[in-house]
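On a predicted model such as this, the values are computed, not experimentally measured, just so you know.
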Amino acid sequence: VDTTLLDSVFQGCFVFKSASKKRKRHVGVGGYLVDDSDDNGSDRFRICQKLWGTVQMNTEAIQDQLNKKVLDSLAEFIKKHGLGCSSDVWRQRASEIPTAALMLGVNVPDHAMTFRSLCNLLQDSVTPFVASVHAKECAAVKLLIQKVLEQLMGRGVSVDEEQEDDTALLQRTQCTISALCQWYKTVTKKCTQSLPVVVIFKDFEAFNSQVLQDFILICSRYTQELPFIFIFGIATSPSAIQHRLPHSVSSLLCIEVFHSLSCTQHLASVFDKLILKSQFPFKLSSRVIQVLVSVFLYHDFSVQNFVKGLQFSMLEHFNSQPLSVLCCQKQEALLSAKTLSKQNVERIRHLPSFMRYVETQEPQEQVQLLTNDEHVKVTLLFHNSYYPIIKFLLEKESRRTKRTNPFEVLRSEVMEFIDSLVREYLTPAELQPLNEVCYYSSSGVLRQRLNATPRTSIQAALSHPFYYLQNESLKTDTGTISSAAPDLCIVFKLHLECGRLINLYDWLEAYVTVMSAAEDQHTDSEECGKFDSLKHARFIQAVSEMEFLGFVKSTKQKTDHVARLTWGGC
């Protein structure tokens with residue numbers, strides 16, 4: 001009897017227990033649904049929460065440590081110029097305002113944490129009078145002064161006294177720098193030395209130039225009564241000050257430039273002190289790291305957004321991998337009955353890396369590993385953390401166009417020697433048994449989530465609204481338009497059939513024809529194609545939404561036409 005067929009049948013037959021119909025779920029970290037019916041779902045949720053907090057706390061500590069030098073320098077600058085200890089180097093005039101130009105780089109999302117640490121440091125060690133403002137909150141000079149006074153004086157201020165009634169005026173102070181002067185004299189009457197008033201402009205380049213000029217001119221008139229000190233948060237270069245302020249205004253400032261560490265140095269510290277540490281059990285595969293670094297380099301250079309990508313990887317890993325509960329277990333705790341239950345042992349047997357490991361063993365050992373749960377627990381191999389080898393150091397010689405000096409030749413030889421040793425003795429983490437437990441390797445899912453494509457998503461939603469709305473009446477064949485679809489979807493599909501210029505009247509007629517089908521009007525009847533004011537208004541609103549989304553725009557070539565802006569499907 002030929003047993004080959006029987007063996008193949010037996011190898012392909014598996015028994016699965018039917019899942020329970022009722023499954024209790026609750027919303028966990030990041031909005032993920034945690035299945036309580038899973039034997040280790042609550043443990044995975046708890047471990048993920050713990051690691052989430054660890055990542056957040058450590059990244060903030062790393063950034064505070066890296067910014068400590070520049071923040072301390074800023075504090076010394078404010079003490080020197082705000083407490084009356086004027087330096088001979090500065091020789092500032094009475095009307096000049098000491099100003100620190102803090103160069104933070106283009107990684108704008110990371111600036112918030114830096115300014116928060118700066119405000120806390122200044123209020124704890126230098127002066128309690130610190131105000132920080134955003135450009136979006138200060139469209140006019142009155143609003144800028146109001147924001148500054150609100151933060152300094154700790155109570156409501158009024159932009160326009162005439163708009164307040166008598167009762168409100170008793171509780172609110174008029175929004176002027178002179179009012180700030182009176183308040184400052186009152187609160188510092190018992191102080192032995194004058195405390196500086198620090199105003200931080202978090203996003204200097206985003207402020208309206210005229211608003212900045214007016215505010216600086218006003219403050220320069222009160223330098224005898226108020227020891228103002230400005231801090232400009234600049235993302236580009238110091239020349240931004242000259243571009244935003246004319247010489248007549250910038251000459252009123254005594255500017256000193258401070259440089260923070262680059263965002264690449266911040267990212268390198270996150271890798272060295274967090275991701276590559278053996279104490280951090282969650283690991284990323286080389287492809288996942290490549291995706292995260294590519295997003296960092298080609299988008300915003302933001303370490304905070306890089307950390308968000310890391311946290312998303314954690315959520316996805318603990319949500320999709322039931323055995324992820326083992327990644328935080330210590331070696332002596334791995335054999336516990338709860339951690340390595342019969343269900344978990346069976347899951348381990350189905351891991352591709354474990355199956356590859358079994359195939360390399362002797363036949364008797366294979367039988368034990370596939371049938372004896374206790375033997376699996378005893379011989380379970382958990383590898384230590386394998387660090388990704390970064391070569392994130394030398395370019396290939398073929399890419400070099402200039403001659404190499406003796407030092408570069410020697411460095412190349414050393415790197416080739418180290419590379420050969422690494423390749424020979426350090427096996428990649430993806431080939432280690434049970435790497436699926438600790439390593440997240442779904443780079444495709446991560447790339448899809450982080451590399452957003454708004455235009456593709458919008459086109460897909462407008463072309464196939466069924467996949468978003470899950471309405472059976474919206475199902476259509478390829479090339480057809482459902483009359484039950486939203487007006488925007490109908491207008492969008494009709495515009496795909498047009499050329500560079502779209503006649504609005506023809507577009508309207510086509511829209512009305514589609515809508516007539518929804519009202520069961522025959523296409524050859526006289527009523528079909530006629531439109532009332534309601535249909536006309538709905539069409540105009542849909543076209544306006546198309547223009548808002550950037551698909552069409554008005555054109556001067558023909559007043560009754562619009563120009564199509566996008567080409568190609570999703």
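For Phe551, the ring-ring contact (aromatic ring centres under 6.0 Å, His included) criterion is met by Phe492, not counting sequence neighbours. For the side chain to side chain contact (heavy atoms under 4.5 Å, CB included) test, residues two or more places apart in sequence or in another chain that qualify with Lys68 are Asp72. Applying the side chain to side chain donor-acceptor pair (under 3.5 Å) test to Gln321 and every residue at least two apart in sequence or in another chain returns nothing. Residues satisfying the ring-ring contact (aromatic ring centres under 6.0 Å, His included) test with Phe232, not counting sequence neighbours, are Phe201, Phe204. The side chain to side chain contact (heavy atoms under 4.5 Å, CB included) check on Pro128 picks up Leu195, with sequence neighbours excluded. Remark: Thr555 engages no residue in a side chain to side chain donor-acceptor pair (under 3.5 Å) (not counting sequence neighbours). Residues passing the side chain to side chain donor-acceptor pair (under 3.5 Å) test with Asn451, sequence neighbours excluded: none. For Ser320, there are no side chain to side chain donor-acceptor pair (under 3.5 Å) partners at least two apart in sequence or on another chain. In this view, Asn58 and Thr54, Leu274 satisfy the side chain to side chain contact (heavy atoms under 4.5 Å, CB included) rule, not counting sequence neighbours. With sequence neighbours excluded, the residues that form a side chain to side chain contact (heavy atoms under 4.5 Å, CB included) with Leu66 are Ile62, Leu261, His266, Ser269.
Of all heavy-atom pairs spanning Cys138 and Val211, the tightest one is O-CG1, 4.1 Å. Here the closest non-hydrogen pair linking Ala460 and Tyr468 is C-CE1, 4.1 Å. Across every non-hydrogen atom of Pro281 and Cys438, the tightest pair is O-CB, 3.8 Å. Nearest heavy atom pair, residue Gln151 against residue Ser132, reads NE2-O, 2.7 Å. His299 and Ser294 get closest at one heavy-atom pair: ND1-O, 4.3 Å. Looking at every heavy atom in both residues, Leu252 comes nearest to Ser220 through CD1-OG, 3.8 Å.
By the 30° and 60° cut-offs, the orientation of the rings of Phe306 relative to Phe271 is tilted.
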### Derivation and outcome, side chain to side chain contact (heavy atoms under 4.5 Å, CB included), residues Ser313 and His317
CA-CA 6 Å; Ser313 302; His317 179 69; over 6 Å; no

### Message
Determine whether Ile47 and Lys50 satisfy the following criterion, side chain to side chain contact (heavy atoms under 4.5 Å, CB included), listing intermediate values before the conclusion.
### Response
CA-CA 5 Å; Ile47 294 173; Lys50 181 179 179 181; 5.6 Å; no

### Task
Start with the C-alpha distance between Ile145 and Ile177, add both sets of side-chain angles, then the distance that settles side chain to side chain contact (heavy atoms under 4.5 Å, CB included), and finish with yes or no.
CA-CA 8 Å; Ile145 296 176; Ile177 299 297; 4.1 Å; yes

### Task
I would like to know whether Trp52 and Met314 meet side chain to side chain contact (heavy atoms under 4.5 Å, CB included); could you show each step before the answer?
CA-CA 8 Å; Trp52 181 287; Met314 284 191 334; 4.2 Å; yes

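Proximity of Gln213 to Leu245: side-chain heavy atoms (C-beta onward) are separated by under 4.5 Å at one or more points. Side-chain contact between Gln311 and Val55 is present, with heavy atoms from C-beta onward closer than 4.5 Å. Side-chain atoms of His81 and Pro196, non-hydrogen and from C-beta on, never get closer than 4.5 Å to each other. The closest side-chain heavy-atom distance from Ser178 to Tyr222 is below 4.5 Å. Within the 4.5 Å cutoff, the side chain of Glu316 has heavy atoms near those of the Val445 side chain. Residues Leu549 and Ile458 meet the side-chain proximity criterion, which asks for heavy atoms closer than 4.5 Å. Between Asp124 and Leu122 the shortest side-chain heavy-atom distance does not fall below 4.5 Å. A 4.5 Å side-chain heavy-atom check between Phe258 and Glu256 finds at least one atom pair inside the cut-off.
Under the 3.5 Å distance criterion, the side-chain polar atoms of Gln146 are left unmatched by any main-chain donor or acceptor of Cys175. A donor-acceptor pair is defined here as one N or O able to donate and one able to accept, closer than 3.5 Å; no such pair exists between the side chain of Lys190 and the backbone of Val187. Although no hydrogens or angles enter the test, the distance criterion places a donor-acceptor pair under 3.5 Å between the side chain of Thr186 and the main chain of Gln182. A donor-acceptor pair is defined here as one N or O able to donate and one able to accept, closer than 3.5 Å; such a pair exists between the side chain of Asp203 and the backbone of Ala135. Checked by atom type and distance alone, the side chain of Arg46 never pairs as donor or acceptor with a backbone atom of Cys48 at under 3.5 Å. Side-chain atoms of Arg44 come within 3.5 Å of backbone N or O of Phe318 as a donor-acceptor pair. At least one donor-acceptor pair closer than 3.5 Å links the side chain of Thr176 to the backbone N or O of Ala179. With Thr456 contributing its side chain and Pro454 its backbone, the two residues share no donor-acceptor pair below 3.5 Å.
Between atom SG of residue Cys119 and atom NZ of residue Lys202 there is a gap of 6.0 Å, rounded to the nearest 0.5 Å. Atom OG1 of residue Thr127 and atom CD1 of residue Ile78 lie 8.5 Å apart, to the nearest 0.5 angstrom. One finds the OG1 atom of Thr99 at 7.0 Å from the CD1 atom of Ile216 (value rounded to the nearest 0.5 Å).
For residues 127-152, the ring-ring contact (aromatic ring centres under 6.0 Å, His included) pairs, not counting sequence neighbours, are Phe129-Trp183, Phe129-Tyr184.
A donor-acceptor contact closer than 3.5 angstrom is absent between the side chains of Gln541 and Ser544. No side-chain N or O of Gln290 forms a donor-acceptor pair with one of Ser443 less than 3.5 Å apart.
Between Phe282 and Tyr439, the gap from one ring centroid to the other reaches at least 6.0 Å.
For the side-chain contact (heavy atoms from CB on, under 4.5 Å) test with Leu284, the passing option among Val291, Leu446, Ile289 is Ile289; the others fail.
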Quiz: residues 101-116 side-chain donor-acceptor pairs under 3.5 angstrom, not counting sequence neighbours:
unit_1	atom_1	unit_2	atom_2	d
Asn107	ND2	Asp110	OD2	3.0
Asp110	OD1	Ser302	OG	3.0
Asp110	OD1	Val303	N	3.3
Asp110	OD1	Gln304	N	2.8
Asp110	OD2	Val303	N	2.7
His111	NE2	Gly105	O	3.0
His111	NE2	Asn107	O	3.3
Thr114	OG1	Gln63	NE2	3.4
Thr114	OG1	Asn67	ND2	3.3

